[in-house]
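Worth knowing before you read on, the calculation uses all heavy atoms, side chains too, and leaves out hydrogens, waters and symmetry mates. Bear in mind that the values here come from a model prediction, so they are computed numbers and not experimental data. Both ligands and their constituent atoms are indexed starting at 1 by order of listing.
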Amino acid sequence: MTLLIISEKEIAARRIASILSRGTDKRTHIARVPVHEFLDDQGHEVAVVGLQGHVFNLDYPSHLNNWFKINPRDLIDVPPVKVEEAPHIVTALRQLAREADEVVIATDYDREGELIGVEALQVVLEENPKAKVVRTRFSALTPEEVHAAFASPVEVDHALAAAGETRQVIDLVWGAVLTRFISITSSRVGSDFLSVGRVQSPTLALVVDLEEEIEAFKPVPYWELWADCAKDTSEFRAHHKTKRFDRREEADAALERAKGAREGTVAAVKVTTRREKPPAPFNTTSFLAAASSLKMSASRAMDIAEDLYTNGYISYPRTDNTVYGPSLDLRATLERLRETPFRDDIEVLLGQRELHASRGKTSATDHPPIHPTMPASPGALRPDAWRVYELVVRRFMATVAWDAVMDNTTAQLDIGGEVFVAEGRHYQDKGWKRFYPYFRDLEAPLPALAEGDRVEVRDVHRLDLETKPPARFSQGKLIQEMDRLGLGTKSTRHTIIQKLYDRGYIEGTSIKPTGTGRAVSSALGKHARTVTEPAMTATLEHDMSLIADGKSSLDKVVGESREMLTSIMEVLERERKAIGDEIKIALREQNTIGKCPQCGGSIVSMRSRRNKRFAGCINFPKCRQSYPLPQHGRIEGLGQQCEACASPRIALFSRRGKMEFCVNLECPTNAERLARSAERRARMEAEAAAKGAAPAAADAPAPVAKPKAKPRSRAKAGARTGAKAGPKRKPRASRKPPPPEAEEPPASG
Ligand SMILES: [Zn+2]
Ligand SMILES: [Zn+2]
């Protein structure tokens, strides 16, 4: 009897084999795919193999790849074909399947993992229809969980896999049809195509709408009065009872009265006690929001969390659950963490007579909230992995700790007949906060004050302030908002945001839309609101959950989504010209860097067929004025003409800061700068030659980031089709090849 175990990744396969064989497994290779083999307790041969995420990907048949011959709308009803994602894995699976009597699907337990398992199963059963099939489910790659899961296997959940496949199909269709339509309509094909997607477009709209709100925001001035006081030697501040004066005259009148006073009198003192409950256990959304405060992108944090899971350190990081189940032994989990630098905190927590965990609002049955499963030490992990592990450990500790108790003191002071209020905060007991130090410390000491006390008034002053626009989204905040609106799933949200960055639609850690992002979003919003509003996407997500629960089917939901898309395309096609013009004008404005010295038209930054950036006149081919541009860094027109040659002057924002110069490299104003640059490059080359290549490499810091694992999500399907199916040549007469690549100018000064 031979057993074949299929896991989602090679690293998980290695770990499962090592746990089940108690370290006696041997590694061989089939078609260059690692296979871990051992004999189990009954003497059965066992082979464990890891996939690389999805076995198949969906795409359109190749004869539909020509963007100009195929009307995007005609793709809506074409059934996608399955393409082998990793042919060598399929080869290995086939060979292993022939020898297997029983197959265990041990992929991650969620929608996407079930689909991956079913894909592998399809290959296995084609080769060996008689193989017996079971499924194991676990939430952590620890010996306890893995042994327990293999001791009581379950059946493959085809409904769950169907929900995953439905999302694949819908995202492919929506992505391909809308991306092609918008890109063709606005003449943006090739590598600069404009991607549109079922989840990404409403997400982009959130960012664009907020930016418009920020721009439309009219700050309103207001005034505050503050008194600097002291009691004995301790200083403190008091805020005028009118927290915010809307009229400056009123603030000044109060200031005038208070200013003369050298002393104030304590009129009343009130102390209130406030309890703060521990935070809820981590689910994916709250984990990513917290990781964002570690200055880590959501997709980076998720990659690291998956790594920690695959290595057994934390439980499965894709979960909606915020309630620890009864099977999670809180005490045993804490005890396991004794062998970490958090030992002292752990002992304090274990010292509680009873352990109670906080509870969140979502109780799901698939996976427990994210929690630590194995001890780790800073030396065993890369620095950023350690920070994520520490966050998960500290969150777990906080959830089994007790309330924080804080005293709030409010003292009313009479200063020259005006009432000022001093507030102090002091923790009686920091409670869970001592284990979870990711908040700003709210401790604000106030000297002991009693009614009738006199305090020294050192200064009273006015602050001139104005109301502020809403804050931009961080990645963590954006994920929370997507969650609230039902956009995407716990497994896809961070990849959607990453895609918006990769497509150049958004930028910065405090997220701003780019000109391109705004152009696409506003054109879609104006003509096909459904595509940018969350409702339709949330409905589809809900329908997919119904499929997982066995209450709907792939055919039904995909059929409905095709109808929705057909009606959207009717509107879009009717307004095709307006949409194309709007996007083209917006992009041109964004990319205009100045006026053409030859014909007065616009000089626009663009990309050549070889994807090189250059600037050319908009009146091509009538006017052939063009300039090479630096390939890196953001470029902006300064709205000035060069005094020497009348070409536009530009600003370049690069790692070395902002530089301003004439866009024309042959211009005399650039001569000195370019000479310095050439000199510097020659010096660097000479230095490099003198040093030799080897020492330089040895000096280089060790790479921190591991090669990025292939994203398992199918969210990229739309863009993928867009990119792959791009035309070989541009539809219009091709522009003359761009001038040679411009060098990056050195920092001036
Ligand atoms: Zn021109
Ligand atoms: Zn010039």
Donor on one side chain, acceptor on other, His54 and Glu85, under 3.5 Å: no
Flag side-chain contact, heavy atom, 4.5 Å: Val388 against Asp307: no
Shell of protein N/O/S atoms around the Zn ion (ligand 2), taken as anything under 2.8 Å: Cys642 SG, Cys645 SG, Cys662 SG, Cys667 SG
Main-chain N/O of Val220 paired to Thr467 side chain as donor or acceptor, under 3.5 Å: yes
Test item: Tyr627 side-chain N/O and Ser605 main-chain N/O as donor-acceptor pair under 3.5 Å: no
Under 3.5 Å side-chain donor-acceptor pair for Glu582 and Ser522: no
Cys617 SG and Cys623 SG subtending at the Zn ion (ligand 1) (10° steps): 110°
N/O donor-acceptor pair under 3.5 Å between Gln590 side chain and Thr516 backbone: yes
